[in-house]
Amino acid sequence: MSTLSHIVHTVAQQAGEATADADAAKNTAAASGAGMAYGLAAIGPGIGIGYLVGQAVQAMARQPESAGQVQTTMFLGIAFTEALALIGFVVFILLKFV
Amino acid sequence: MSPESNPTGNALLGAMEGPAPAMEIALDIVKRSLWVLPVVLFGCAAFWGMNGALSGAYALGIVVVNFVLAAWLLQVTARISFAAMAGAALFGYLLRLGLIFLAVMLVRSASWVSLVPLGLTLIVTHLGLLFWELRYVSGSLAYPGLKPKGTSTLSTPSIERAA
């Protein structure tokens, strides 16, 4: 009887450890996924802003008299592009902490 | 850009003169955010209670500071040169993302913070304020928050008026 209870206890302990391992693996995967989501979400807007600003600066250099107009459009473009990164950030915090 | 401000003749080293439209847009967005604040407070309070309202207000603050900081960086560097402005726009993007990250991470464990309304308010108010501002920029064909009041505004753009 004692041997049987020892076996049951050992099996239960191993099952508990396996569950803990699975939980840890799940948490690690979620953290990695969240980090990757944020990183990937920041790359696209980075490229977009680089292209946008490059073109805007070129336009300002070619036509300095319309620099104000170009800067207006550039500022709004940057802000819209940045929204993509913000969405990635929010997905990151929701995946990681909620 | 006058020849005196750019003796090298390199167009990229020329600086912007006259009014700073980016800051005008940002200040206009700040004004609009005051109208949005009660909506955010009531909306978040209705779904997530007092913590939601506080988190929403905090997120709106982050959005507004982000706009003002972006505009200020552009305004200051545009007075130096267009190339400096390009650098500020790119590195400013990284800087501001980092600041937003810090601002959220520092308070995420606070008792008054609810992450779902905070995140949702960040996205919705950022895009909402931009689209609201865009209406007026489009309406005036360039100039932020300066909704055409008459024919004279459209016929004399502010850059000409400033010159």
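Just the heavy atoms: all of them, side chains too, but no hydrogens, waters or symmetry mates, feed the values below. Proteins come first, then strands; the chains are lettered A, B, ... in the order of their sequence lines, and each starts at number 1. As the structure is a computational prediction, the values presented were derived from the model and not from experiment.
Within 6.0 Å of the CE atom in A:M36, the count of heavy atoms belonging to other residues, nucleotides or ligands does not exceed 12.
Scanning both residues, A:L86 and B:L122, for their nearest heavy atoms gives CD1-O, 4.4 Å. Closest approach of B:H126 to A:A83, counting heavy atoms only: CD2-CB, 3.7 Å. Nearest heavy-atom pair across B:F101 and A:F89 is CD1-CE1, 3.4 Å. Contact record, B:L115 with A:L94: O-CD2, 4.1 Å, taken as the closest heavy-atom pair.
With a 4.5 angstrom heavy-atom cutoff, A:I49 touches chain B via backbone and side-chain atoms both. A:I78 touches chain B through its side chain: at least one heavy atom from C-beta onward sits under 4.5 Å away, while N, CA, C and O do not. In this structure, chain B has heavy atoms under 4.5 Å from both the backbone and the side chain of A:A42.
Listed by first and then second residue, the side-chain hydrogen bond (donor to acceptor under 3.5 Å, both in side chains) pairs involving residues 82-98 of chain A are A:E82-B:N66, A:E82-B:R96 (not counting sequence neighbours).
Close approach to chain A, defined as a heavy atom under 4.5 Å from one of its heavy atoms, is seen in no residue of residues 39-50 of chain B.
Between chain A and the residues B:A70, B:S114, B:S109, B:A71, the largest count of heavy-atom pairs under 4.5 Å involves B:A71. With respect to chain B, the highest number of heavy-atom pairs below 4.5 Å among A:V91, A:V53, A:V70 belongs to A:V53.
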